Amino acid sequence: MTTQHKATLSFSDGTPSVEFPVYQGSVGPDVVDIRKLYGASGKFTFDPGFLSTASCESKITYIDGDKGELLYRGYPIEQLAVNCDYLETCYLLLNGDLPNIAQKKDFVRRVTIHTMVHEQMTRFFQGFRRDAHPMAVLVGCVGALSAFYHDSLDIQNPEHRFISAIRLVAKMPTLVAMAYKYSTGQPFMYPRNELSYSANFMRMMFGTPCEDYHPNEVLVRALDRILILHADHEQNASTSTVRLAGSSGANPFACIAAGIATLWGPAHGGANEACLEMLDDIQAQGGVARIGEFVAKVKDKNSSVKLMGFGHRVYKNYDPRAKLMRETCYEVLGELGLENDPSFALAMALEKIALEDDYFVQRKLYPNVDFYSGIVQKALGIPTSMFTCIFALARTVGWIAQWNEMISDPDQKIGRPRQLFTGATRRDVQAIGNR
Ligand code: ACO
């Protein structure tokens, strides 16, 4: 952080003005360091949705929402998606740069030897109803990992943090596939370490002990791209949750479970599931012919209907991940001979109308990655209820990289927001008969 400028805050109530340093990052908006505001003025700032607040300093991911740019450690997502695989992206996020051949080989080996979960984990799954939402299962099972790795829970020890990061990246595909298998009543599939990360995951999802599964390369690459595109996204709700949970010293498995819980919401990771349900609903009501009616409902102030997969807190331009996912969508549908897939045709028609409609144009509402990722996942054979689990699998590396960055920061403090209190002031409890 460098500082060249200052900001002065003046008050109309007689409180003396306060001067703050203004820091420049390597790119992006400057920030005003208001940490001394309360001490100097007795006042807090008020920014409930973090609309103008940087919650931390970070070197991992940069988004320029106006340009529609996403960089992991400085590398554009478009270049990573085309030139790298998911495990190289994981290495990049965790270590700060892309691996060379030897580093990649070593990293892949380390991840690969940790793909199995403790056999006892199967009992946790059996505690859930078969119809439990897989995200509920995942929150529970990832949190439960805390109980298995007492050998590496000293968060002040960088080696312990590293081994936890590797374990989480390695075991998430196994746990996600187990959650799916449990929901279908099929036996769990053990990982096969000769397969790539994404091919192994697809085999654990779709293989059975009685019939071997040979992953299709185009589909494996599509899944790998989904993972790359979702690997990190700076300080979004789930990542901020992981950081906040971690700021108290909680172990990494507990923190990632908190992140998974946050991701579940339909305004965040649940959006691709919600988007596909929306497309299915429109389809059931008559498809493309009913789009006008649906868009009118979305624009009606009195209805709570939203165009799922559209809009983003940060992107006020086309989400770059959506462009890449759109390409992948064409590739996958072409490979599977599903070019005339009704969900895709409907999504295209909806996108066209929304991009031309004043309501969306004025509010800078563009498709986000979830608009297409649901369609791709559906084509891959992944059921809708699993979509957010796949997102959690991909995002685990981003969460753990951000968690590690926070713990390594010597200035790190427990996160403790303050509030504007508007409730009852002090009053006395009355005897129950007098209330
Ligand atoms: N459909 C219709 N109108 C919308 C949409 C939408 N998808 N998104 C925003 N708007 C409207 C709002 O109603 C508001 O209108 P107003 O100014 O007339 O009141 C205006 O656009 C600004 O929207 P906000 O809600 O203030 O934007 P915010 O940044 O808080 O919300 C969010 C962002 C939550 C993503 C929102 O756009 C949304 O709910 N989208 C649908 C869900 C979705 O796709 N989420 C995925 C996010 S990406 C991810 O997690 C990977």
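One-based numbering, in listed order, for ligands and for the atoms of each. Since the model is a prediction, treat every value here as computed from it, not as a measurement.
Atom 40 (N) of ligand 1 has F310 O, 3.0 Å as its closest protein atom, hydrogens excluded (heavy atom only). What sits closest to atom 20 (C) of ligand 1 on the protein, heavy atoms only, is R363 CD, 3.8 Å. For atom 4 (C) of ligand 1, the closest non-hydrogen atom on the protein side is L365 CD1, 3.5 Å. Counting only heavy atoms of the protein, atom 49 (C) of ligand 1 lies nearest to D370 OD2, 3.5 Å. Annotation: atom 25 (O) of ligand 1 to nearest protein heavy atom, K306 NZ, 3.9 Å. Among all protein heavy atoms, the one lying closest to atom 42 (C) of ligand 1 is M308 CE, 3.4 Å. Counting only heavy atoms of the protein, atom 30 (O) of ligand 1 lies nearest to R313 NH2, 2.9 Å. The single protein non-hydrogen atom nearest to atom 13 (O) of ligand 1 is Y359 OH, 3.7 Å, given as residue, atom name and distance.
Of the candidates V298, V305, D300, D319, V298 brings a heavy atom nearest to atom 2 (C) of ligand 1.
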Fill in: Intermediate values then yes/no, side-chain contact (heavy atoms from CB on, under 4.5 Å), M121 and F148
CA-CA 9 Å; M121 278 303 293; F148 288 85; 3.4 Å; yes
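Residue K301 places a heavy atom less than 4.0 Å from ligand 1. Proximity of F391 to ligand 1 is established by a heavy-atom distance of less than 4.0 Å.
No side-chain donor-acceptor contact under 3.5 Å links N404 to the backbone of I400.
Side-chain rings of F188 and F125 approach one another, their centers coming within less than 6.0 Å. A distance of 6.0 Å or more separates the ring centres of Y86 and H230. Aromatic ring centres of F371 and F310: separated by under 6.0 Å. The ring of H233 has its center no closer than 6.0 angstrom to the ring center of H268.
Those atoms of ligand 1 with a heavy atom of G309 less than 4.0 angstrom away are 43 (C), 44 (O). Atom numbering of ligand 1 starts at 1 in the shown order; those under 4.0 Å from a heavy atom of A271 are 43 (C), 44 (O), 45 (N), 46 (C).
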